[in-house]
Amino acid sequence: MDDYKLLREQKAGSKAKGHHYMDLAFDREWGNITLVKTFFENFIISKMKSSEEVHKVGISVSELLENAVKYSSKNGVRIVIQNIKIGGIVKIRIYNYANEYHIKKLKTRLKEMRSMDSLDFYLYRMRESVKDKKASPGLGLARVYHEAQADITAKYHDNEKVVEVKATINLGK
Amino acid sequence: MAGIKIDPVIKGGMELKAEGTTVYISGCVNHPSPGMFIEPFITEVHNKILEKKIKEIVVNITDLRFLNSAGIRELVDWVMKLSALEEGKKYKIKFLCSSEYQWQESSMTTLVYLSPECTSKETANPLE
């Protein structure tokens, strides 16, 4: 069976005229995170003018992919980046297979995030991250929210078998 | 001033070393569990600082291209450990950053907010 089949079936927006669009599925391996991040950063460097824009996209790709690789319940991760354009509103969507525990955790984290501004949420997660060093730090979403000033949402597909995390980054800000 | 010397640790894409009153962290940290390497090193640094009664230390990260969130947690842990010390034992950490790496501006500024009385941040090569 194709590990990526269900991930690829999810509608991920389309390519708008004058904007760049990328859609990539790969195996859930830690080493792939840096490879994919570097690939996207190099692509984006060729399209964007400032290092700040590249950083915002790069940090979002890296942290969201780390989460997907860590929490995916089976092999396969898909990433779609839409609206790559100078000063544009870039949308990054990450799809992975999920289990009930991680979906519950994600929902809680997003609810906490919406109750605070990005700096407060990052500080809150920093303090929380050291309370249990055996657990995952749980800093990734806070970092994307604060460092990339991203709006982060999640959708759950196919009876919550697939989770889609979307980061929307306004590069014109 | 008495300093510390700790042999370099080169693992997981990073290099950690301490010379005098400066700790150097460099490389690119993408490892899933960088705490395996960073935590024992920081514990040794922290203990030696207390032993030698050093009051200020510089953490030079100007050559640290990337630090993932698991790595950030190790620095948070150090800062929290420091701020929990009794007043007479506390020391100051100055993070020396590079404007070349955007993540340092946002993440290290936030880290300093955790304990502004014990930590500060300086940019080695500020942008004009």
Side-chain angles (χ1 to χ4, degrees), chain A residues 28-38 41 45 48 50-67 69-71 116-150, chain B residues 12-14 27-40 42-43 46 64-84 95 97-116 118-119 121 123 125-128:
Chain A
R28 184 192 54 175
E29 287 171 10
W30 194 267
N32 285 342
I33 297 168
T34 307
L35 294 176
V36 174
K37 180 194 173 200
T38 307
E41 278 183 344
I45 284 167
M48 303 291 184
S50 81
S51 59
E52 196 183 339
E53 290 177 318
V54 176
H55 167 68
K56 283 181 173 180
V57 177
I59 193 75
S60 304
V61 167
S62 177
E63 293 294 343
L64 296 178
L65 283 182
E66 275 202 15
N67 282 352
V69 169
K70 265 191 286 191
Y71 301 128
M116 297 174 218
D117 69 26
S118 70
L119 176 62
D120 285 344
F121 185 60
Y122 198 12
L123 281 167
Y124 165 72
R125 286 308 318 161
M126 279 185 171
R127 290 190 186 100
E128 289 295 305
S129 74
V130 294
K131 286 184 178 169
D132 179 5
K133 293 284 297 284
K134 284 182 186 153
S136 181
L139 284 171
L141 287 180
R143 218 174 163 188
V144 176
Y145 185 34
H146 185 60
E147 289 199 25
Q149 289 292 297
Chain B
M14 75 192 115
C28 184
V29 182
N30 292 305
H31 194 279
S33 308
M36 285 162 59
F37 322 117
I38 302 176
E39 190 181 13
I42 286 179
T43 300
H46 178 74
L64 185 58
R65 299 192 304 281
F66 184 68
L67 184 64
N68 66 4
S69 49
I72 298 265
R73 168 162 70 178
E74 297 307 320
L75 295 182
V76 172
D77 199 33
W78 188 6
V79 170
M80 300 299 276
K81 202 184 281 180
L82 166 59
S83 51
F95 291 101
C97 303
S98 167
S99 58
E100 200 181 334
Y101 306 117
Q102 296 275 330
W103 70 268
Q104 295 189 0
E105 180 54 38
S106 44
S107 276
M108 299 313 289
T109 302
T110 308
L111 183 69
V112 165
Y113 283 138
L114 278 179
S115 180
C118 296
T119 58
K121 172 183 161 284
T123 305
N125 51 346
L127 293 171
E128 288 300 317

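Here the structure is a predicted model, which means the values were calculated and not measured. Just so we're on the same page: letters track the sequence lines, and every chain starts at 1.
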_Quick check on A:Glu63 against chain B: is it the side chain, the backbone, both or neither that has a heavy atom closer than 4.5 Å?_
side chain
*State, with a plain yes or no, whether a side-chain heavy atom of A:His146 is found less than 4.5 Å away from one of B:Thr110.*
yes
*Using a strict 4.0 Å threshold on nitrogen-to-oxygen distance, state whether B:Glu105 and B:Lys121 make a salt bridge.*
yes
*Taking only Lys NZ, Arg NE, NH1 and NH2, and the carboxylate oxygens of Asp or Glu, determine whether A:Lys56 and A:Glu53 approach each other closer than 4.0 Å.*
no
_If we ignore hydrogens and angles and just use 3.5 Å, is the side chain of B:Arg65 paired with the main-chain N or O of B:Tyr101 as donor and acceptor?_
no
*Given a strict heavy-atom distance threshold of 4.5 Å, which part of B:Phe66 is in contact with chain A: side chain, backbone, both, or neither?*
side chain
*asked:* At a heavy-atom distance under 4.5 Å, which candidate from A:Glu52, A:Arg143, A:Arg127 has the highest pair count against chain B?
replied: A:Arg143
*Is there a donor in the side chain of B:Ser107 and an acceptor in the side chain of A:Tyr122, or the other way round, less than 3.5 Å apart?*
yes
*With a 4.5 angstrom heavy-atom cut-off, which part of A:Ser62 approaches chain B: side chain, backbone, both or neither?*
side chain
*Looking at B:Leu75, B:Val79, B:Leu67, which has the largest count of heavy-atom pairs under 4.5 Å with chain A?*
B:Leu67
*Residues of residues 28-38 of chain A near chain B, each having a heavy atom less than 4.5 Å away*: A:Trp30, A:Thr34, A:Lys37
*Check: B:His31 ring centroid to B:Phe37 ring centroid under 6.0 Å*: yes
*Any side-chain donor-acceptor pair under 3.5 Å between B:Gln102 and A:Ser51?*
yes
*Kindly give the heavy-atom pair with the smallest separation between B:Gly71 and B:Pro34, and that separation in Å.*
N-CG, 3.6 Å
*Closest-packed option against chain A by number of heavy-atom pairs under 4.5 Å, given B:Leu111, B:Leu114, B:Thr109*: B:Leu114
*Listed by chain and number, what are the side chain to side chain contact (heavy atoms under 4.5 Å, CB included) partners of B:Glu39, not counting sequence neighbours?*
A:Lys133, B:Thr43, B:Glu74, B:Asp77
